[in-house]
Amino acid sequence: MRCSCSCLLAAPFSASHETLHNSVDEALLLKRKSEEVLFYLNGRCIYLVGMMGSGKSTVGKIMSEVLGYSFFDSDKLVEQAVGMPSVAQIFKVHSEAFFRDNESSVLRDLSSMRRLVVATGGGAVIRPVNWKYMKKGLSVWLDVPLEALARRIAKVGTTSHPLLNKPSGDPYTMAFSKLSMLAEQRGDAYANADVRISLEEIACKQGHDDVSKLTPTDIAVESLHKIENFVIEHTVDNPVGDSQADSHVQRIQTL
Ligand SMILES: Nc1ncnc2c1ncn2[C@@H]1O[C@H](COP(=O)(O)OP(=O)(O)OP(=O)(O)O)[C@@H](O)[C@H]1O
Ligand SMILES: O=C(O)C1=C[C@@H](O)[C@@H](O)[C@H](O)C1
Ligand SMILES: [Mg+2]
């Protein structure tokens, strides 16, 4: 059977397919969910927020491909705007404040656009003005346990993360201790997001004892599901009217 997920049409059983999706069924579920959500999104952008390594880029790319949205990474846009190859270099040559100013400008510019999935920088949540921009679309917090974050970061290294990159020490321990401090400072800020995706909750629902068993597709499906519920609950002027929306909900529930 061929995978119907648009991102993987050319090579349904490639290595990336196995990494992203556990099965063809999972890919089909993702496709079906995206079609339902598109109806309610009405072109609104999706902003992914979360700590470094929480999967914003990985999950964001899957969501953008399946929704037919464009994907942007705000860190990359800041690098382009400043004309430097890495965030680490921007911090070093200029300062964190300079980076944050540019990050806000990038988010402001993106907020006037439609049909985007944006992976934001891990610290974008700390400035209230960024929320003003992100609230023009829907925000999704990828809430990942710190141990899992530190494991992922230790695996790929900390050089690209100026706030984590310390010259000495075991990478897992260093990442874990710095992430713990940042999480404490930012806990409330991430909670401003419209939707919270707790990997612990998804793992529990699926009967796993460890979040590392979850594929990026599992997380994308759950994100789309929660976005749909949020939009249905919060849309006052539903473009298709309540009764039509109700019948749409009934129709998709029987699929
Ligand atoms: N569900 C997952 N399971 C296992 N590893 C994952 C999962 N999602 C992402 N990863 C891995 O974790 C690392 C961080 O993921 P990703 O780059 O998507 O996070 P991010 O939130 O965009 O991070 P950054 O703040 O660095 O931009 C990558 O190596 C990625 O392959
Ligand atoms: O959590 C943070 O403060 C950061 C996360 C990265 O995405 C970059 O935006 C930068 O390294 C700062
Ligand atoms: Mg990223």
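Quick caveat, the model's predicted, so the values are computed rather than measured.
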ILVMFWY cluster, Val93 and Leu163 together (side-chain gap under 4.5 Å): yes

Sequence neighbours excluded - salt bridge (Lys or Arg N to Asp or Glu O under 4.0 Å) pairs with any residue from residues 66-80: none

Distance, nearest 0.5 Å, that separates CG of Leu67 from CG of Leu30: 8.5 Å

Beyond-backbone contact of Val87 with Pro162, side-chain heavy atoms, under 4.5 angstrom: yes

From Ser34 atom OG to Ile227 atom CD1, the distance as rounded to the nearest 0.5 Å: 11.0 Å

Asn102/Ser105 under side chain to side chain donor-acceptor pair (under 3.5 Å): CA gap, chis, key distance, verdict: CA-CA 5 Å; Asn102 279 278; Ser105 304; 5.2 Å; no

Within one Ile-Leu-Val-Met-Phe-Trp-Tyr cluster: Ile232 and Ile46, side-chain cutoff 4.5 Å: yes

Leu29 CG to Glu222 CD distance, which is reported to the nearest 0.5 Å: 10.0 Å

Counterpart residues, side chain to side chain donor-acceptor pair (under 3.5 Å), relative to Thr173 (two or more places apart): Asp170

Within residues 110-127 or reaching into it, pairs that qualify as salt bridge (Lys or Arg N to Asp or Glu O under 4.0 Å) - sequence neighbours excluded: Asp101-Arg127

Tyr190: partners by side chain to side chain donor-acceptor pair (under 3.5 Å), with sequence neighbours left out: Arg186

Pair listing, salt bridge (Lys or Arg N to Asp or Glu O under 4.0 Å) test, anchored in residues 85-99, at least two apart: Glu96-Arg100

By side-chain contact (heavy atoms from CB on, under 4.5 Å) - contacts of Glu147 (at least two apart): Pro145, Arg151, Tyr172, Phe176

side-chain contact (heavy atoms from CB on, under 4.5 Å) partners of Lys135, counting only residues at least two apart: Trp131, Ser139, Asp194

For the student: nearest non-hydrogen atoms of Thr120 and Met134, plus distance: CG2-SD, 3.9 Å

Main-chain N/O of Leu149 paired to Arg152 side chain as donor or acceptor, under 3.5 Å: no

In one Ile/Leu/Val/Met/Phe/Trp/Tyr side-chain cluster, 4.5 Å: Val59, Val156: no

Residue pairs fulfilling side chain to side chain donor-acceptor pair (under 3.5 Å) with at least one residue in residues 80-91, sequence neighbours excluded: none

Euclidean distance, Ser104 OG relative to Asp109 CG, rounded to 0.5 Å: 11.0 Å

Check against side chain to side chain contact (heavy atoms under 4.5 Å, CB included), Ile219 and Ile197: CA-CA 8 Å; Ile219 299 158; Ile197 305 299; 4.2 Å; yes

Atom pair NZ/CE of Lys56 and Met63 - distance to nearest 0.5 Å: 13.5 Å

All pairs passing ring pair (Phe, Tyr, Trp, His ring centres under 6.0 Å) where residues 84-120 contributes a residue, at least two apart: Phe91-Phe99, His94-Phe98

Donor-acceptor contact below 3.5 Å, side chain Thr58 vs main chain Gly55: no

Listed partners of Glu201 passing side-chain contact (heavy atoms from CB on, under 4.5 Å), at least two apart: Arg196, Ser198, Lys226

Atom pair OH (Tyr69) and SG (Cys45), whose distance is rounded to the nearest 0.5 Å: 7.0 Å

Salt bridge (charged side-chain N to carboxylate O under 4.0 Å, His left out) partners of Asp188, counting only residues at least two apart: none

Partner residues of Ser70 under the side-chain contact (heavy atoms from CB on, under 4.5 Å) criterion, sequence neighbours left out: Phe72, Leu116

Minimum heavy-atom distance between Ser74 and Leu107, given as atom pair plus value: CB-CD2, 4.3 Å

Salt bridge present between Glu36 and Lys33 (N-O < 4.0 angstrom): yes

